[in-house]
2 protein chains.
Amino acid sequence: MVRPPKAAPRPMRADAQKNYENLLAVARTLVAQQGADASLRDLARKAGVGLGTLYRHFPTREALLETLLRAEWDELGAKARTFETASAPDDALVSWLRELVAGARIYRGVVESMMAALADKKSALHASCAAMRAAGARLLSRAQAEGTARTDIDGTDLFALVGALAWIGDHAALEPRAEHLFDVVVSSLFVRDAERVRRKQPR
Amino acid sequence: MVRPPKAAPRPMRADAQKNYENLLAVARTLVAQQGADASLRDLARKAGVGLGTLYRHFPTREALLETLLRAEWDELGAKARTFETASAPDDALVSWLRELVAGARIYRGVVESMMAALADKKSALHASCAAMRAAGARLLSRAQAEGTARTDIDGTDLFALVGALAWIGDHAALEPRAEHLFDVVVSSLFVRDAERVRRKQPR
DNA sequence: ACCTGAACACCGTTCAAGT
DNA sequence: ACCTGAACACCGTTCAAGT
């Protein structure tokens, strides 16, 4: 059902193709250094390309981010499916959240773009973000069904907490404690042992 | 020990005084609407004042924010002291955190400025932010001494979590769940009942 | 089909010139 | 002592003109 927008992406002219790839390569390092709000003008300059060329290939900043993040997110989607079948529901949820928070941190400020994309259905990032949220919701409800995750949170809450944790990781001063704070926050997603439904396999 | 920078703040010339107050009044509503990164040019324009006048009264954006937030923060400091003497340590911590998160949300994006201020000792906001963090640390260690708060977190962690929760509140899409997520995250600060040190007054 | 760069409307910040 | 606004160096975005 989800399909790349252009069913038959006719090959680009050779010079266009080269510009496109160069732009992406430069963008990858620039966004890694400066964050998701890096100067587009600077990007065009560093890629040795006119401003119009940048806008032709990536009509919005989100289109650019979308391309930068697609590989990352395809991988995260695959991991969600793996965890779903290979791990206990609660472990699967924690492992995937860890990956997602790490993924949201490769580019500083990217969670901000994700939030905006979720609110705007026409955004180039919308579909991928919604898919992420849905994958998280699935892992969550699996853990809830098992009785390990608290039932008063949903997929949106989960996404909010991921954003909050990514916010922490985006700040150099807090980064040393980011992993620990991940554990602290994630621990709150699960019900206390005492209230836990009995399960066949005690861990 | 903490004292306003100018021990004897000589009275301003009448016109300067008027500009200063007008600037503050306009800034209050503008920053409330647009967030902490509102356009300074726009502010000067709306206050009917030259750009240089704005910069004369508030040499940096942080100086402006500092003035806007000082009243708010003086109040929060007082509340910390009240809670400290009037409530059980864990209740005091939770109540104060709730106030702080609410306070950090009056202006969108203000936690970002707080983070920057804590990292930069010369910032106009530094002292007030550090004082906030210290007040939180005090309330935390009180709850830790009592045995209700987990001991593997410190004042910086607390501040990080406040920032994370404020981040959630800054996003309209998440705001409906902000209060609930506050409860979820804050619950993780306390040790599980089973591990809790016995206390004279069971609640 | 694709590229370029000038043009437009915005920023933040500084500072010479005015009163 | 205080104010003003032009000037400078940046943005993002659009679009006429070129190949």
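Because only heavy atoms are used, hydrogens play no part in the values below, and waters and symmetry mates are left out as well, while side chains stay in. A note on names: the letters A, B, ... follow the listed sequences, proteins ahead of strands, and every chain is numbered from 1.
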Might you point out which heavy atoms bring B/Glu62 and B/Ala116 nearest each other, and give the distance in Å? OE2-CB, 4.3 Å
Just distance, no hydrogens or angles: give the donor-acceptor pairs under 3.5 Å from side chains in residues 44-56 of chain B, sequence neighbours left out.
from	atom 1	to	atom 2	distance (Å)
B/Arg45	NH2	B/Asp42	OD1	3.3
B/Lys46	NZ	B/Asp42	OD2	2.9

Taking atom C1' of D/dG12 as reference, at what distance in whole Å does atom CG of A/Leu65 sit? 15 Å
Could you check which of D/dC3, D/dC2, C/dC2 has an atom nearest any side-chain atom of B/His57? D/dC3
Quickly work out the A/Asp15 CG to C/dA1 P distance and round it to whole Å. 13 Å
With sequence neighbours excluded, tell me which residues meet salt bridge (Lys or Arg N to Asp or Glu O under 4.0 Å) with B/Asp74. none
May I have the distance from A/Leu43 (atom CG) to C/dG5 (atom C1'), rounded to whole angstrom? 16 Å
Identify, with sequence neighbours excluded, every residue that meets side-chain hydrogen bond (donor to acceptor under 3.5 Å, both in side chains) alongside B/Arg150. B/Asp152
Choose from D/dC2, C/dT4, C/dG12 the nucleotide whose nearest atom is closest to any side-chain atom of A/Val49. C/dT4
Those residues that, when tested against A/Glu112, pass side-chain hydrogen bond (donor to acceptor under 3.5 Å, both in side chains) (two or more places apart): B/Trp167, B/His171
Side chain of A/Arg45, heavy atoms from C-beta onward: which of C/dC11, C/dC2, D/dC11 has the nearest atom to it? D/dC11
For residues 21-34 of chain A, which residues have at least one heavy atom under 4.0 Å from DNA chain C? none
Need one value for B/Ala38: base, sugar-phosphate or nothing, where a base atom within 4.0 Å counts as base even if backbone is also close, heavy atoms only. sugar-phosphate
For residues 92-107 of chain A, tabulate all N or O donor-acceptor pairs below 3.5 Å that involve a side-chain atom, not counting sequence neighbours.
from	atom 1	to	atom 2	distance (Å)
A/Ser95	OG	A/Asp91	O	2.9
A/Trp96	NE1	A/Leu76	O	3.1
A/Glu99	OE1	A/Lys79	NZ	3.0

Non-neighbouring partners of B/His57 that pass ring-ring contact (aromatic ring centres under 6.0 Å, His included), sequence neighbours left out: B/Tyr20
Counting neighbours of CD on B/Glu179 that are heavy atoms of other residues, nucleotides or ligands and sit closer than 6.0 Å, is the number greater than 12? no
Paired runs of 3 or more consecutive Watson-Crick or G-U pairs involving DNA chain C, with both pairing distances under 3.5 Å, are C:4-8 with D:12-16, C:12-16 with D:4-8
Can you measure B/Asp42 atom CG to C/dG12 atom P for me and round it to whole angstrom units? 9 Å
Under the side-chain hydrogen bond (donor to acceptor under 3.5 Å, both in side chains) rule, collect the residues that match up with B/Asn19, sequence neighbours excluded. none
With sugar-phosphate taken as primed atoms, P, OP1 and OP2 and all else as base, the protein-contact string of nucleotides 13-19 of chain C at under 4.0 Å (heavy atoms; B, S, -) is BBB----
Can you pull the ring pair (Phe, Tyr, Trp, His ring centres under 6.0 Å) pairs that have at least one residue in residues 65-84 of chain B, sequence neighbours excluded? none
Less than 4.0 angstrom from a charged side-chain N to a carboxylate O is my criterion; do B/Glu66 and B/Arg70 meet it? yes
Nucleotide D/dA1, atom P - distance to CD of B/Gln17 in whole Å: 16 Å
Any salt bridge (Lys or Arg N to Asp or Glu O under 4.0 Å) involving residues 12-37 of chain B? Give me the pairs, sequence neighbours left out, ordered by first then second residue. B/Arg13-B/Asp15
Roughly, in whole Å, what's the span from CG in B/Asn19 to C1' in D/dC2? 9 Å
Spacing between B/Tyr20 atom OH and D/dC3 atom P, to the nearest angstrom: 13 Å
For D/dC10, take OP1 and OP2 only and decide whether either is under 4.0 Å from a side-chain N or O of A/Ser39. no
